[in-house]
2 protein chains.
Amino acid sequence: MVVMEESVMAQLDGVGAMTESSSAEDLEAAGETADLTSRARIRNAALHQFATRGFAGTPLRAITAEAGVAIGLISHHFGSKEGARDAVEQWIVGLFAAALGLADRESEESVADAGARDAAVARMLGDNPLVIDYLRREVLEQPEDGGLITRLSALTVESVDAMRAAGHASTDRDRVEQVLTVMVRQLGRLVLQPLLHQVAAAFPAGERPTSLPELTVEVRRPEARRDERDS
Amino acid sequence: MVVMEESVMAQLDGVGAMTESSSAEDLEAAGETADLTSRARIRNAALHQFATRGFAGTPLRAITAEAGVAIGLISHHFGSKEGARDAVEQWIVGLFAAALGLADRESEESVADAGARDAAVARMLGDNPLVIDYLRREVLEQPEDGGLITRLSALTVESVDAMRAAGHASTDRDRVEQVLTVMVRQLGRLVLQPLLHQVAAAFPAGERPTSLPELTVEVRRPEARRDERDS
DNA sequence: TAAGATATTGAAAGATTGTTCAATGGTGGT
DNA sequence: ACCACCATTGAACAATCTTTCAATATCTTA
């Protein structure tokens, strides 16, 4: 998993290369897969396969079949299977960066506050549900240095710093703790969601509730301890 | 992933078959791998490999190499790779069942309360950290019917029912919600833990805090809604 | 149009995988 | 000592996987 340096906001890698659509349009839909570059179709298919079957569990032929291209095209565009993974992850990083940047651009002030950022990221994830599935798998892989989570953390650091500078985030708390809070709360719910469904599915259909309860993930300071009890 | 019926507490599958050690001893240490059955060594190695590299990502030869046996032994003992996975998961179910049963046996009353059960499970998981890693991966796999999560859910249902009958759990709340709360709170923290470490690792060593904050996963009723704000 | 660069194909190679199986070793019973 | 039974081995096999590569198609540019 080689890390590409350069600016994170760099070109979104072929998405909408033929049609001159803006990056905002690419985040939505994804319905018409026809007029996309072969490179983009391969990347989309790879995201789909990796998200649902895992990296090791997806043969290259499954990607090329879904993308509708020949097997040799992957190594031509991405060098190797690992290269395809890098491209997928770089694209995801771009999505997050674009969502955060969009939040700033829509804000009346130059820097959006936490609520606007959360909303922008949530909107982006809603448009790309496969990204959620991919992140879910990525979270539990061994913390490969320079992996996707690391890069998204760096993005969140920038975001928190910008909010601090704009007075939207308190500066008395630990910077690390702020970033941890944002990331864990955002990703934690997404990662844990399938657990909720799996447990509920273990009940007979009759007893199963119509609407599942909501998950909340909190981060508490180490010293703040309190015993708790339930059920 | 074929599900074995029978009693969950059934034989723990060869652990300590040669030495007459009690099952409690087997849960700890795992340091001396020498005097275990080949079958048990293969199962342990499979747990280790599946937990760290994933099911699809582990070749059978990686398991046999760690176990110190020949390649043919796996199919002889477990039939297939899938069979090895079944054995691993059945062993994990046995661990949970033993921990819960142990909690009841140690309790002054015939049925232990929630705190004692949580403690027993936590102790068991502390002795078998690989089980945590395995569960973490299992959570996000597609909810194959009869999978590990389903079986652990069934175990939790029994546990909650026993506590209800003993008056240790309220009977006015939804039974499904009680089970969901127990499982999500217990497993949620374990699943999310590496995310915490990965995010913290994204910071320069100097800024990284010495002790990481604590995670809390809560389950809220669908109707109870409240807006929140942070950072 | 001509020519050069790039995209795309699909067969082939080479490595790795899960499974099978005949052979060997060991253990206990009669 | 013999025999039946189970554990264990490792080579062989067939399938599948990733990568390579020469050939062909398509696009770009002058």
Side-chain angles (χ1 to χ4, degrees), chain A residues 1-2 11-20 33-89, chain B residues 1-2 11 13-20 33-89 137 141 144:
Chain A
M1 194 187 295
V2 183
Q11 85 284 24
L12 273 189
D13 177 21
V15 187
M18 318 213 68
T19 83
E20 320 81 346
T33 170
D35 51 350
L36 287 178
T37 312
S38 290
R39 193 173 199 278
R41 284 212 312 279
I42 292 175
R43 183 186 16 71
N44 287 347
L47 168 63
H48 178 219
Q49 295 291 328
F50 291 163
T52 53
R53 320 206 306 180
F55 179 75
T58 52
L60 287 187
R61 294 179 207 277
I63 300 176
T64 60
E66 178 176 339
V69 297
I71 175 77
L73 207 50
I74 286 190
S75 62
H76 175 256
H77 279 304
F78 304 102
S80 66
K81 190 181 180 184
E82 206 91 13
R85 188 208 331 231
D86 288 344
V88 166
E89 303 199 344
Chain B
M1 194 188 296
V2 183
Q11 85 283 25
D13 178 20
V15 186
M18 319 214 68
T19 82
E20 321 81 347
T33 168
D35 51 349
L36 287 178
T37 312
S38 291
R39 194 173 197 279
R41 286 214 310 281
I42 292 176
R43 185 187 12 74
N44 288 347
L47 168 63
H48 178 219
Q49 294 290 331
F50 291 163
T52 53
R53 323 203 317 180
F55 179 75
T58 52
L60 286 188
R61 290 173 167 83
I63 299 177
T64 59
E66 179 177 336
V69 298
I71 175 77
L73 251 196
I74 287 190
S75 62
H76 176 255
H77 280 305
F78 304 102
S80 66
K81 189 182 181 184
E82 206 89 15
R85 183 199 346 220
D86 287 344
V88 167
E89 302 199 344
R137 288 190 175 272
E141 298 290 337
E144 219 168 332

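Protein chains get the first letters and strands the later ones, always in sequence-line order, with residue 1 at the start of each. Quick note: numbers below take in every heavy atom, side chains included, and nothing from hydrogens, waters or symmetry partners.
Nearest-nucleotide positions on DNA chain C for A:H77 and B:P59 put A:H77 closer to the 5' end.
A distance of 14.0 Å separates CZ of A:R61 from CD of A:Q49, quoted to the nearest 0.5 Å. Between the CZ atom of B:F78 and the CG atom of B:L60 there is a distance of 11.0 Å, given to the nearest 0.5 Å. Between the CD atom in B:E89 and the CG atom in B:L47 there is a gap of 10.0 Å [rounded to 0.5 Å]. Distance CD1/B:I63 to NE2/B:H48: 11.0 Å, rounded to 0.5 Å.
Computed from coordinates, the A:F78 CZ to D:dT18 C1' distance equals 16 Å when rounded to whole Å. D:dA11 atom P lies 12 Å from atom CD1 of B:I71, rounded to whole Å.
In summary, contact between chain B and DNA chain C, defined as any nucleotide atom under 4.0 Å from a heavy atom of the protein, begins and ends at C:dT17 to C:dT20 in the 5' to 3' direction.
You'll find a donor-acceptor pair under 3.5 Å spanning the side chain of A:R61 and the base of D:dT18, going by distance alone.
Under the 4.5 Å side-chain criterion, counting only non-hydrogen atoms from C-beta, A:H76 is in contact with A:L73. Proximity of B:I74 to B:K81: side-chain heavy atoms (C-beta onward) are nowhere separated by under 4.5 Å.
Between D:dT9, D:dT8, D:dG10, one nucleotide has an atom nearer to the side chain of B:V69 than all others, and that is D:dT9.
Listed pair B:H76 / D:dA7 meets the phosphate criterion, a side-chain N or O lying under 4.0 Å from OP1 or OP2. Contact annotation: A:S80 does not reach the phosphate of D:dT18 (side-chain N/O to OP1 or OP2, under 4.0 Å).
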